[in-house]
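Here the structure is laid out as structure tokens; the discussion comes afterwards.
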Amino acid sequence: MRPDQWVVGDYADRMADTPPGAAPPPPHAPAAPPGAPAPRMPLRRLGWRRFLVLAGVVLLIAAGALFMVFTLGESLGAEALLIGVIAAILPVPVLVFCFLWLDRYEPEPLKYLIFCFAWGAFVSTAISLLVNTASAGLFEDRGLPVALTAVLVAPFIEELTKAAGPLLVLIFRRREFSGITDGLVYCGLSAVGFAMVENILYLGGHGYRAGADEYGPATGAQQVIAIFIVRILLFGFAHPLFTSMTGVGLGVAARTADRRVRVLAPLAGLLLAMILHGTWNLLPSLAQATGETVIVLYGYIGVMVPIFFAMVGLAVWLRAWEGRLTERTLPDYVRAGWLTPPEVAALGSLGRRHAARTWARRVAGDGGVRAMRGYQFAATRLALLRDGMRRGLDRKPEERERTAREERELLDAITAYRSFFVGRDPQAPVGVWDGQRYHLRFPDGSQRPVEAPDDPVVPIPVVLAQPPAFPHGGYGPSGYGPGGHGPAGWHGPAGWHGPAGWHGPAAGHGPASGHGYGPGAGHGPGGRHDPGAPWHPGR
């Protein structure tokens, strides 16, 4: 694959064919020391303002949890509460797994996933319970049907509160909200938490306690089973489906630079979620009022089920989109010399990523596979960050500085991860990628530059020429890009400089006792010179 082309075919399936027992990397490879721990992603600092917000959110969730436990325990009783909790928790792992499955390309931090789930389970349910109860009392006092609460009030307050948690993530941790997929995951987990606690009320109260008080425990158990089948097995997707509309709106807002879209997209998604929720609650009320139960059947099968499958299709497509994004974005870093063409190709699908991890395990052991996982995660984050640069998501200078700093941290992390497996494959050619072509050493001892093939067949074939330039189009405190400067006086490919006076292809300097990585004359920090000759690995 040339740097400006997409990858086609399933060549990466052959990555796992490398036999174990690889030789150690050649002297010029930046190998990690034996037994060295795999590097970690850079951590973000927690300022005192964010700490206060975090503390307030934790206290709010704790207060909501205590309120719900006390309220449900008082209204249901200990026995019904316990049965309701057990029955309501059973589907939660399956639903959570479905949303985590969507997020495999760039898994979100566990703490934010737990936060959204806890927010929906305790804060959203507590506020919704108070508002719905007060509204039902108000309707009853005025002689209006109490069922209006489920149609007019519940959809509004429940969808609003379920979306509030993911919205906080978007506002205070926008870097962790990289698109519609993240919106679906965050909002979906909030809805799963809400549905879990709501199901405790239905299964424990309307199910077990109502049946046990009238006919005994056996009848209560039968009603629990009946409600479980109808409410969870058949229609357990309802709350996640509604709130996913808001998730789409939040995801669109996270990836646009237009301020109007940032406001209107979440509002449109929230409004659609409320309409769907209200329609869902209206169907049984209409069926009861008219005596036509077929209304419920037509509504569910004709409206809700098609919308559900449409959202599933959208979620699957978006999941693949994150893989394709790396193929569209990371070639910038290939041309700058940070990555090689096959590395980008190996990120294009989950199957290729799995093959790359298998390859890394065979050539570098457990440390290699851990490093490959970290490498893949960092590369996906880098692709999303680069896509955000192109979209102009950062308007303020401090935001651009933060993005440039994060870009550099990700590139440093990628370089550290590569050191665990680069150059360790005995079947890979010995050579260097300089951002434009390979400089390979052949078995007969000859050394010459080779153009990148249209369809690469190995995952990490060569060592990179370092330090590479920042790709054109980035931004930072000093203007990264060809001809621009970054930290420590780095330059673009026309003559880039780094620590110890390294240069790029026009007059490249190699590692200690090495030669230039470019086609021109090369120098190493030790002062060795090879006028006009091609690059010589480690000579």
Side-chain angles (χ1 to χ4, degrees), residues 42-64 99 103 106-124 126-128 156-194 242-274 381 384-385 387-389 391-403 405-406:
L43 300 177
R44 293 182 176 88
R45 296 180 180 180
L46 183 64
W48 66 270
R49 292 182 180 178
R50 295 184 183 275
F51 176 79
L52 292 178
V53 172
L54 177 62
V57 168
V58 171
L59 290 176
L60 182 60
I61 293 176
F99 286 104
D103 202 30
E106 192 233 353
E108 304 308 317
L110 182 62
K111 57 185 177 182
Y112 299 125
L113 302 178
I114 294 175
F115 161 74
C116 288
F117 181 87
W119 180 276
F122 303 121
V123 178
S124 180
I127 297 175
S128 298
F156 172 81
I157 189 62
E158 291 178 8
E159 294 305 322
L160 184 63
T161 54
K162 282 188 291 183
L167 180 61
L168 289 176
V169 176
L170 176 60
I171 293 174
F172 291 99
R173 280 292 183 267
R174 186 170 65 87
R175 305 278 175 176
E176 305 297 343
F177 216 116
S178 54
I180 298 178
T181 300
D182 289 356
L184 293 176
V185 172
Y186 287 134
C187 288
L189 290 178
S190 178
V192 170
F194 182 95
F242 306 148
T243 314
S244 66
M245 304 300 167
T246 309
V248 172
L250 293 176
V252 170
R255 302 304 294 175
T256 182
D258 192 321
R259 294 183 178 180
R260 294 169 297 181
V261 177
R262 286 184 177 182
V263 175
L264 293 178
L267 290 178
L270 180 61
L271 180 61
L272 183 57
M274 293 176 179
R381 287 287 299 271
L384 290 166
L385 190 72
D387 181 66
M389 293 181 189
R391 294 173 182 267
L393 300 184
D394 299 316
R395 293 179 173 270
K396 300 178 181 179
E398 56 270 22
E399 292 177 343
R400 294 192 181 99
E401 292 179 5
R402 182 174 57 187
T403 296
R405 183 171 60 253
E406 185 173 354

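For the atom pair CD (Glu176) and CG (Leu113), the distance works out to 9.5 Å, reported to the nearest 0.5 Å. Taken from CG in Leu60 to CD1 in Ile127, the straight-line distance is 6.5 Å, to the nearest 0.5 Å. Distance check, rounded to the nearest 0.5 Å: CZ of Phe117 to OH of Tyr186 gives 16.0 Å. Put simply, CD1 on Ile180 and CG on Leu250 are 10.5 Å apart, with the number rounded to the nearest 0.5 Å. Separation of atoms CG (Leu384) and CZ (Phe177) is listed at 13.0 Å; rounding is to 0.5 Å. Residue Glu406 holds its CD atom at 12.0 Å from CD of Glu399, rounded to the nearest 0.5 Å.
A side-chain hydrogen bond (donor to acceptor under 3.5 Å, both in side chains) check over residues 109-122, counting only residues at least two apart or in different chains, returns the pairs Tyr112-Arg173.
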Practice prompt. Begin from the C-alpha positions of Met245 and Cys187 and carry the test side chain to side chain contact (heavy atoms under 4.5 Å, CB included) through to its verdict.
Written response: CA-CA 9 Å; Met245 304 300 167; Cys187 288; over 6 Å; no
Fill in: Residue pair Phe242, Leu272: steps toward the side chain to side chain contact (heavy atoms under 4.5 Å, CB included) verdict
CA-CA 8 Å; Phe242 306 148; Leu272 183 57; over 6 Å; no
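A side-chain donor from one of Arg175 and Thr403 sits under 3.5 Å from a side-chain acceptor of the other.
Between Ser178 and Arg381, every side-chain heavy-atom pair lies at or beyond the 4.5 Å cut-off. Side-chain contact between Asp394 and Glu401: absent, with no pair of heavy atoms (C-beta onward) separated by less than 4.5 Å.
Among all heavy-atom pairs drawn from Ala257 and Leu393, the shortest one is N-CD2, 3.8 Å.
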Give the table of side-chain donor-acceptor pairs shorter than 3.5 Å for residues 161-168, with sequence neighbours excluded, one pair per line with atom names and distance.
{"residue": "Thr161", "atom": "OG1", "partner": "Ser124", "partner atom": "OG", "Å": "2.6"}
{"residue": "Thr161", "atom": "OG1", "partner": "Ser128", "partner atom": "OG", "Å": "3.3"}
{"residue": "Thr161", "atom": "OG1", "partner": "Ile157", "partner atom": "O", "Å": "2.8"}
{"residue": "Thr161", "atom": "OG1", "partner": "Glu158", "partner atom": "O", "Å": "3.1"}
{"residue": "Lys162", "atom": "NZ", "partner": "Glu159", "partner atom": "OE2", "Å": "2.8"}
{"residue": "Lys162", "atom": "NZ", "partner": "His239", "partner atom": "ND1", "Å": "2.9"}
{"residue": "Lys162", "atom": "NZ", "partner": "Thr243", "partner atom": "OG1", "Å": "3.0"}

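The pair Asp182-Arg255 fails the salt-bridge criterion, with no side-chain N (NZ, NE, NH1 or NH2) lying under 4.0 Å from an Asp/Glu carboxylate O.
Looking at Arg262, its side chain does come within 3.5 Å of a backbone N or O of Thr256 through a donor-acceptor pair. Within the 3.5 Å criterion, the main-chain N or O of Arg395 finds a donor-acceptor partner in the side chain of Arg400.
Arg260 CZ: 12 or fewer foreign heavy atoms inside a 6.0 Å radius.
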